[in-house]
Amino acid sequence: MAGATRAMTAANAQVDMNSIQKTAMQFQQQSEYMEMADEMLDDMFDEDEDDEETDSVLQSVFDDIGLDLAGQMKSVPQNQLPQRSTETELTPNTEDAELNNLIA
(Lines give C-alpha, C1' and ligand atoms only; values in the text may rest on other atoms or scores of the structure.)
Protein backbone atom coordinates (compact mmCIF):
# COMPACT_ATOMS: atom_id res chain seq x y z
CA MET A 1 0.00 0.00 0.00
CA ALA A 2 2.88 2.35 0.76
CA GLY A 3 4.21 1.76 -2.78
CA ALA A 4 0.87 2.78 -4.30
CA THR A 5 0.80 5.91 -2.18
CA ARG A 6 4.29 6.91 -3.32
CA ALA A 7 3.35 6.24 -6.96
CA MET A 8 0.22 8.40 -6.68
CA THR A 9 2.19 11.18 -4.98
CA ALA A 10 4.79 11.11 -7.76
CA ALA A 11 2.07 11.15 -10.44
CA ASN A 12 0.32 14.10 -8.80
CA ALA A 13 3.60 15.99 -8.64
CA GLN A 14 4.13 15.57 -12.40
CA VAL A 15 0.61 16.63 -13.40
CA ASP A 16 -0.18 20.34 -13.67
CA MET A 17 -3.83 20.54 -12.62
CA ASN A 18 -4.16 24.19 -13.69
CA SER A 19 -3.11 23.27 -17.22
CA ILE A 20 -5.56 20.37 -17.35
CA GLN A 21 -8.36 22.56 -16.01
CA LYS A 22 -7.56 25.27 -18.58
CA THR A 23 -7.57 22.71 -21.41
CA ALA A 24 -10.90 21.29 -20.22
CA MET A 25 -12.44 24.78 -20.17
CA GLN A 26 -11.16 25.48 -23.69
CA PHE A 27 -12.62 22.17 -24.84
CA GLN A 28 -15.98 23.08 -23.31
CA GLN A 29 -15.97 26.49 -25.02
CA GLN A 30 -15.11 24.98 -28.40
CA SER A 31 -17.79 22.33 -27.93
CA GLU A 32 -20.41 25.01 -27.23
CA TYR A 33 -19.21 26.98 -30.27
CA MET A 34 -19.57 23.89 -32.46
CA GLU A 35 -23.09 23.29 -31.15
CA MET A 36 -24.06 26.87 -32.03
CA ALA A 37 -22.55 26.54 -35.52
CA ASP A 38 -24.38 23.25 -36.03
CA GLU A 39 -27.68 24.86 -35.02
CA MET A 40 -27.05 27.75 -37.42
CA LEU A 41 -26.37 25.35 -40.28
CA ASP A 42 -29.51 23.37 -39.46
CA ASP A 43 -31.54 26.59 -39.48
CA MET A 44 -30.03 27.58 -42.82
CA PHE A 45 -31.00 24.29 -44.43
CA ASP A 46 -34.47 24.50 -42.92
CA GLU A 47 -34.90 27.87 -44.66
CA ASP A 48 -34.31 26.16 -48.02
CA GLU A 49 -37.27 23.92 -47.30
CA ASP A 50 -39.30 27.00 -46.41
CA ASP A 51 -38.38 28.53 -49.79
CA GLU A 52 -39.69 25.44 -51.57
CA GLU A 53 -42.92 25.64 -49.59
CA THR A 54 -43.23 29.35 -50.43
CA ASP A 55 -42.70 28.64 -54.13
CA SER A 56 -45.37 25.94 -53.99
CA VAL A 57 -47.88 28.27 -52.33
CA LEU A 58 -47.13 31.08 -54.79
CA GLN A 59 -47.52 28.72 -57.74
CA SER A 60 -50.92 27.59 -56.45
CA VAL A 61 -52.02 31.24 -56.09
CA PHE A 62 -50.78 32.01 -59.62
CA ASP A 63 -52.68 28.99 -60.92
CA ASP A 64 -55.85 30.16 -59.15
CA ILE A 65 -55.72 33.61 -60.75
CA GLY A 66 -54.67 32.22 -64.14
CA LEU A 67 -51.20 33.71 -64.21
CA ASP A 68 -48.65 31.65 -66.12
CA LEU A 69 -45.23 33.25 -65.65
CA ALA A 70 -43.33 30.50 -67.44
CA GLY A 71 -45.57 30.83 -70.51
CA GLN A 72 -45.10 34.59 -70.64
CA MET A 73 -41.30 34.46 -70.65
CA LYS A 74 -39.40 34.19 -73.90
CA SER A 75 -37.58 30.94 -74.31
CA VAL A 76 -33.82 30.99 -74.13
CA PRO A 77 -32.10 30.21 -77.45
CA GLN A 78 -30.65 26.73 -77.53
CA ASN A 79 -27.85 27.53 -80.02
CA GLN A 80 -24.45 26.36 -78.98
CA LEU A 81 -21.67 28.90 -78.62
CA PRO A 82 -18.85 28.68 -81.14
CA GLN A 83 -15.88 26.74 -79.84
CA ARG A 84 -12.45 28.30 -79.92
CA SER A 85 -9.71 26.00 -81.10
CA THR A 86 -7.06 25.42 -78.47
CA GLU A 87 -4.34 25.21 -81.09
CA THR A 88 -4.47 28.91 -81.99
CA GLU A 89 -2.57 31.25 -79.72
CA LEU A 90 -4.62 34.45 -79.66
CA THR A 91 -3.00 37.84 -79.61
CA PRO A 92 -4.90 40.98 -78.65
CA ASN A 93 -5.52 41.86 -82.35
CA THR A 94 -6.95 38.44 -83.21
CA GLU A 95 -9.14 38.50 -80.11
CA ASP A 96 -10.61 41.85 -81.20
CA ALA A 97 -11.21 40.54 -84.71
CA GLU A 98 -12.85 37.41 -83.38
CA LEU A 99 -15.11 39.45 -81.07
CA ASN A 100 -16.10 41.72 -83.96
CA ASN A 101 -16.95 38.66 -86.08
CA LEU A 102 -19.11 37.28 -83.30
CA ILE A 103 -20.93 40.57 -82.84
CA ALA A 104 -21.62 41.02 -86.56
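The number of heavy-atom neighbours closer than 6.0 Å to CD of Q21, taken from other residues, nucleotides and ligands shown, is 12 or below.
In terms of modelled atom types and a separation under 3.5 Å, the side chain of S31 and the main chain of F27 share no donor-acceptor contact. Under a 3.5 Å cut-off, the side chain of S60 and the backbone N or O of V57 do form a donor-acceptor pair.
Here the CE atom belonging to M34 is positioned 9.0 Å from the CG atom belonging to L41, to the nearest 0.5 angstrom. Atom CE in M40 sits 10.5 Å away from atom CG in D38 (nearest 0.5 Å). In this structure, OG1 in T23 is found 13.0 Å from CD in Q28, a value given to the nearest 0.5 Å.
No side-chain heavy atom of Q59 sits less than 4.5 Å from a side-chain heavy atom of D55.
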